[in-house]
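In what follows, a single structure is set out as structure tokens and then discussed.
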Amino acid sequence: MNGSAANPPAHEAAVEFEALADDAWLLRLGERIDDALNARVHALAARVRAPAPPWLRDLVPAYASLAVFFDPAHIDAATVRDWLLQRCGESADGDDIAAAGAARAVEIPVAYGGEFGPDLDEAASQLGLTAPQLVERHSGGDYRVAMIGFAPGFPYLSGLDPALALPRLATPRTQVAAGSVAIGGAQTGIYPRPGPGGWRLLGRTPLRLFDARREAPSLLQPGDRVRLRAIGADEFHALSDRARATSA
């Protein structure tokens, strides 16, 4: 079942609806990776979440879409779609702007290079920079969690300086350490747990990005503002010991 928002603002494309399941709609706002488009996704999520209807189970923002999960025992899909169409037809207002400005700010400490970032030197060389220059420019970025995906707690961070974009590895690693901070194309991301991966590893954070035992398992949430802080090996190990003690 497809549809689009009635009378969308002139500067915004219509929202397309796709039935994911009997209890979910996918709202497509576009097809590209774009900061402005992703901001529209989060603004729409804020408008859907603000009334907190009792049938709403979950919202999953992505770069250019929003998945809306509802309780089919309390409402039918057509009624949900009509309700969502109304939210889509509302222009972003002062409340949306205020919500974006009040987005949670999270600092992520990162130890760059060496054992923490085995691709740093080669990445810097490819970009025509020294390793310290790459660290300074990468850690100085103003990032936003565009979406959580790939693995539980994996944040796709928008806001990477376009001049720092790097192709993925021709042959992905079979094992990437938890907390690895990496560049893949025009994005930065952080691996929450050990596993395979093909992004360029610049550093590593000692923070636990995902812990199922926490009330909020994912450390970062869609829409969060993220600043990276370069740290040394001693601080990395001290913070890592503290994280282990806290989760024990």
Side-chain angles (χ1 to χ4, degrees), residues 20-21 23-27 38-39 41-63 65-75 80 84 87 95-96 98-111 116 142-159 176-182 187-195 197 203-229 231 235-248:
L20 284 180
D23 64 347
W25 285 105
L26 181 67
L27 284 59
N38 186 245
V41 171
H42 291 294
L44 177 56
R47 295 200 296 277
V48 172
R49 188 182 294 112
W55 45 260
L56 182 64
R57 281 182 166 172
D58 197 10
L59 293 176
V60 182
Y63 267 109
S65 65
L66 177 67
V68 181
F69 293 84
F70 58 90
D71 185 352
H74 291 85
I75 194 169
V80 173
L84 291 171
R87 305 287 83 74
D95 291 339
D96 290 332
R104 192 175 63 138
V106 183
E107 181 182 86
I108 303 293
V110 181
F116 307 109
D142 183 13
Y143 300 104
R144 180 173 182 149
V145 181
M147 60 177 285
I148 300 292
F150 169 64
F154 185 104
Y156 286 85
L157 303 180
S158 63
V176 172
S180 291
V181 177
Q187 308 164 89
T188 281
I190 308 174
Y191 288 84
R193 57 193 308 171
R204 200 187 327 156
T205 179
L207 303 185
R208 291 179 179 268
L209 270 288
F210 185 85
D211 188 338
R213 295 169 294 182
R214 292 191 301 231
E215 182 176 353
S218 181
L219 177 65
L220 297 174
Q221 300 296 326
D224 284 351
R225 297 287 180 181
V226 175
R227 296 304 299 261
L228 307 178
R229 178 172 66 88
I231 62 174
E235 185 173 358
F236 177 94
H237 293 301
L239 291 173
S240 182
D241 290 343
R242 186 184 307 169
R244 279 196 295 269
T246 301
S247 62

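- R87 places no side-chain N or O within donor-acceptor distance of the main-chain N or O of V48, the cut-off being under 3.5 Å.
- Taking each heavy atom of P192 and A178 in turn, the nearest pair found is O-CB, 3.8 Å.
- Heavy atoms only, all atoms of each residue included: P61 and M147 are closest at O-CB, 3.5 Å.
- Between V41 and P222, the closest side-chain pair of non-hydrogen atoms is not below 4.5 Å.
- For D142, the salt bridge (Lys or Arg N to Asp or Glu O under 4.0 Å) criterion is met by no residue, not counting sequence neighbours.
- Here CG of L157 is found 12.0 Å from CZ of R144. Values are rounded to the nearest 0.5 Å.
- Nearest heavy-atom pair across A146 and Y63 is CB-CE2, 3.3 Å.
- Between the OH atom of Y143 and the CD1 atom of I190 there is a distance of 10.0 Å, given to the nearest 0.5 Å.
- Side-chain contact between R244 and R208 is present, with at least one heavy-atom pair separated by less than 4.5 Å.
- In this structure a side-chain-to-backbone donor-acceptor pair under 3.5 Å is present from S180 to A177.
- With sequence neighbours left out, the side chain to side chain donor-acceptor pair (under 3.5 Å) criterion links E235 to R229.
- Between A151 and I148 the shortest heavy-atom distance is O-CG2, 4.5 Å.
- Across L20 and A67, no two heavy atoms sit closer than the pair CD1-CB, 4.1 Å.
- Going from atom CG of L59 over to atom NE2 of H42 covers 11.5 Å, rounded to the nearest 0.5 Å.
- Put simply, CG on L44 and CZ on R49 are 10.0 Å apart, with the number rounded to the nearest 0.5 Å.
- Rounding to the nearest 0.5 Å places CG of L209 at 6.0 Å from CD1 of I108.
- Residues R57 and P72 form a side-chain contact, since some pair of their non-hydrogen atoms from C-beta on lies under 4.5 Å apart.
- Under the 3.5 Å distance criterion, with hydrogens and angles disregarded, no donor-acceptor pair is assigned to the side chains of D241 and H237.
- The ring-ring contact (aromatic ring centres under 6.0 Å, His included) test applied to F69 returns no partner, not counting sequence neighbours.
- Taking CH2 of W55 as the reference point, atom NE2 of H74 lies at 12.5 Å (rounded to 0.5 Å).
- Here the rule is side-chain contact (heavy atoms from CB on, under 4.5 Å) with V68, and of D58, L56, V60 only L56 fits it.
- Two residues are said to be in side-chain contact when any heavy atoms from C-beta on lie closer than 4.5 Å; L219 and R214 meet this criterion.
- Contact check for Y191 versus F150: side-chain heavy atoms found under the 4.5 Å cut-off.
- Ring orientation note: the planes of F116 and F236 are tilted relative to one another, at an angle of 30° to 60°.
- Shortest non-hydrogen contact noted between V176 and G197 is CG2-N, 3.8 Å.
- Side-chain contact between P109 and L239 is present, with at least one heavy-atom pair separated by less than 4.5 Å.
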